[in-house]
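Beneath this line is the structure, given in structure tokens, with notes to follow.
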Amino acid sequence: MNKIRVRFAPSPTGFLHVGGLRTALYNYLFARKNNGVFVLRIEDTDRTRYVDGAVENLIDTLSWCSLDFDEGPQKGGMYGPYIQSERLDIYKNTVGQLIEKKKAYYCFCSPESIDTLRKDQQNVNQQTKYDKRCLKLTTQDIEEKLKSGIPYVVRLNIESDQTVVVDDIIRGRVEFDSNLLDDQVLIKSDGYPTYHLANVVDDHLMEISHVIRGEEWLPSTPKHVLLYDAFGWERPIFAHLPLLLNPDRSKLSKRQGDVAVEDYRSKGYLKEALINFVALLGWNPGTEQEIFTLSELVEQFSIDAVNKAGAVFNIEKLNWLNFEHLRMKPDAEILQILKEQIDKSPPDYIRYSDEKLLAIIQAMRPRMSFIKDIFEKSQYFFLPPSDYDQEVISKHWKSETPEHLKILLEEFSKLEHPKKEDYEKALHQAASMLKIGNGKLIHPVRLAVSGVGGGPGLYDILYIIGKEESLRRIKKAIERIKPQ
RNA sequence: GGCGCUAUCGUCUAAGGGUUUAGGACGCCGCCCUCUCAAGGCGGUAAUACGGGUUCGAAUCCCGUUAGCGCUACCA
């Protein structure tokens with residue numbers, strides 16, 4: 001059996017799309033699962049759409065996702081170069097074979113005349129298709145036109161009345177009528193190959209065994225298959241992946257939310273969550289497992305089990321997965337990231353020791369889906385409350401509350417280097433002196449130190465912000481909050 | 001318009017002729033736990049697009065309809 005070799009072949013027109021990530025992931029999983037080779041190839045044959053820095057960005061994003069490729073730009077390999085714009089001679093030469101065999105031909109028709117032809121066909125509701133006019137040119141005609149420098153393209157000569165059969169791992173047998181297929185341009189007038197030519201030539205030369213790509217390519221696969229046949233090359237095995245969809249079920253696109261992997265990265269999503277999420281969009285192992293690491297995915301992935309129907313990219317499940325993967329992360333790792341973010345925070349934010357930061361992390365673990373939630377959901381750790389939740393005031397801040405808190409303040413003041421249990425004991429002590437329930441103190445104190453009604457255990461908060469800051473905040477609240 | 005693909009809870013999906021009063025997960029709702037908010041535990045909500053066939057039996061196979069999407073470029 002031949003070696004399994006797959007490729008991810010994006011065009012560098014911007015950022016890595018989450019749909020692209022899913023395609024890359026399935027290729028990666030298939031390769032790793034089957035001891036194959038995962039190739040990255042850059043398809044930059046459209047010079048008008050080229051975006052500077054996109055290749056570097058693509059590689060960087062892939063590597064952030066831990067989808068390491070075995071061959072590709074920067075990395076190298078036996079089948080390079082891996083950037084199509086550096087392979088122009090190869091395409092020119094291979095297409096020459098086709099022209100000799102009359103499987104391809106020069107076409108000197110201007111874009112304008114093709115356009116008119118197409119419009120005329122549309123007007124009478126006909127299949128839009130090139131009429132093979134230039135196929136009738138004699139050798140002398142062609143020589144002359146070439147010599148006089150008329151721009152030309154090279155087209156694939158598709159035979160009529162053929163049934164083209166595509167076998168697809170995911171979709172089974174799909175048939176196409178060659179009469180409906182246009183004589184595809186292979187070489188553009190700027191000398192660059194089209195996707196169709198470059199893709200087929202490279203997949204052959206790079207010995208790609210399985211072409212795993214998005215479903216949008218299924219309609220052009222018969223052209224690719226015919227190209228393999230024209231060259232006399234063995235076809236790869238095809239697998240066309242279901243599309244990723246917007247909530248309205250159109251093909252996933254910008255305008256309806258983030259589509260760039262980079263967007264999710266900068267919003268604080270974990271690569272583990274993103275990978276886990278896109279892996280499940282179109283595939284699952286048939287068990288009830290929902291949380292996967294990359295290596296578990298490698299172990300369990302099977303291309304045959306991929307679904308046929310498109311999948312809506314639903315952010316809610318991604319958020320949940322982020323929560324789940326975040327809770328699997330060791331404290332030390334979260335601490336590292338948290339410290340980086342604190343370095344970038346405003347100067348009036350309280351700076352804590354690692355020990356206190358760890359305490360914050362532990363307190364926030366069941367309350368955060370993102371590390372940045374530590375700032376967004378519990379800013380009070382870093383900044384005194386600027387105002388107090390009105391609902392909590394009316395519920396818990398009674399006319400007797402200020403007096404109660406003054407007694408509590410006395411108890412807290414006696415504490416030396418208090419731990420959370422010491423705050424708890426002191427509060428219980430004050431409550432029993434006042435002959436009131438603990439809640440009569442707990443809720444107002446929570447409001448005083450945090451400004452809000454929810455959050456981690458009160459004693460955790462007090463311990464983290466420390467005795468001095470706690471006393472200061474409680475005093476301040478007594479001054480500022482008017483009893484209800 | 002033509003061609004192609006697809007169709008199970010709102011969403012991701014399981015079941016691939018009988019084990020199914022269609023299973024799980026996210027979300028949503030309720031209860032328990034509880035100083036609050038979460039988390040957790042328990043429970044609930046909710047689907048085989050429609051119509052024909054084949055079969056003793058259909059979510060599952062076949063045909064049609066409908067709907068959605070994709071493609072129809074010298075873009076990929």
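What you are looking at is a predicted structure, and each value in this text was computed from that prediction instead of being measured. Proteins come first, then strands; the chains are lettered A, B, ... in the order of their sequence lines, and each starts at number 1.
- Annotation: side chain of F277(A) is not in contact with side chain of N322(A) (no heavy-atom distance under 4.5 Å).
- Here F277(A) lies out of heavy-atom contact (under 4.0 Å) with every strand.
- Proximity of K317(A) to the phosphate of C28(B): no side-chain N or O atom is located under 4.0 Å from OP1 or OP2.
- The side chain of T194(A) approaches C74(B) more closely than any other nucleotide in the set C35(B), G2(B), C74(B).
- Here P10(A) lies out of heavy-atom contact (under 4.0 Å) with every strand.
- Dashed line: the shortest gap from a side-chain N or O of R365(A) to OP1 or OP2 of A39(B) is not under 4.0 Å.
- Checking C74(B), C69(B), G24(B) against the side-chain heavy atoms of L243(A) singles out C69(B) as nearest.
- For K223(A) and U72(B), the shortest distance from a side-chain N or O to OP1 or OP2 is not below 4.0 Å.
- Which of C35(B), C69(B), A25(B) sits closest to the side chain of E290(A) comes down to A25(B).
- You'll find that the side chain of A309(A) is closest to U6(B), out of U6(B), U13(B), G27(B).
- Using a 4.0 Å heavy-atom criterion, one finds that R446(A) contacts the bases of the nucleic acid, with or without backbone contacts as well.
- Listed candidates were G70(B), C12(B), C3(B). Nearest to the side chain of A311(A) is C12(B).
- Residue V153(A) is classed as a base contact, given a heavy-atom separation below 4.0 Å to a base.
- Residue contacts shown for S189(A) include a base, since a base heavy atom lies under 4.0 Å away.
- Applying the 4.0 Å criterion to OP1 and OP2 of G1(B), one finds that R118(A) has every side-chain N and O outside that range.
- The side chain of K129(A) contributes no N or O atom lying less than 4.0 Å from OP1 or OP2 of G2(B).
- Side-chain N/O atoms of S110(A) include none lying less than 4.0 angstrom from OP1 or OP2 on C74(B).
- Distances shorter than 4.0 Å separate some side-chain N or O of N284(A) from OP1 or OP2 on A14(B).
- Checking the phosphate oxygens (OP1, OP2) of A76(B), a side-chain nitrogen or oxygen of T45(A) falls inside 4.0 Å.
- A salt bridge links E272(A) with K329(A): the distance from a Lys NZ or Arg NE/NH1/NH2 to an Asp or Glu carboxylate oxygen falls below 4.0 Å.
- Distance from the side chain of F323(A) is smallest for G40(B) among the nucleotides A76(B), C35(B), G40(B).
- Nearest nucleotide to the N307(A) side chain, out of A7(B), C74(B), A14(B): A14(B).
- The side chain of T128(A) lies closest to U72(B) when the candidates are A76(B), U72(B), G2(B).
- Closest approach to the P111(A) side chain among G23(B), G70(B), C74(B) is made by C74(B) (side chain taken as heavy atoms from C-beta onward).
- Taking 4.5 Å as the limit, some side-chain heavy atom of D258(A) sits within range of a side-chain heavy atom of Y264(A).
- Of all nucleotides listed (A76(B), A25(B), C5(B)), C5(B) comes nearest to the side chain of V174(A).
- Partner K420(A) forms a side chain to side chain contact (heavy atoms under 4.5 Å, CB included) with one of D460(A), L458(A), I464(A) and no other, that one being D460(A).
- Applying the side-chain hydrogen bond (donor to acceptor under 3.5 Å, both in side chains) test to residues at least two apart or on different chains, the pairs with a partner in residues 219-228 of chain A are Q184(A)-K223(A), H196(A)-H224(A), R213(A)-T221(A), R213(A)-H224(A), T221(A)-H240(A).
- Within the 4.0 angstrom heavy-atom criterion, no nucleotide atom of any strand lies near T13(A).
- Of the residues in residues 433-443 of chain A, those lying under 4.0 Å from RNA chain B by heavy-atom distance are I442(A), H443(A).
- Within the 4.5 Å cutoff, side-chain heavy atoms of I360(A) are placed close to those of F382(A).
- Below the 3.5 angstrom threshold, one finds no donor paired with an acceptor across the side chain of R249(A) and the base of C69(B).
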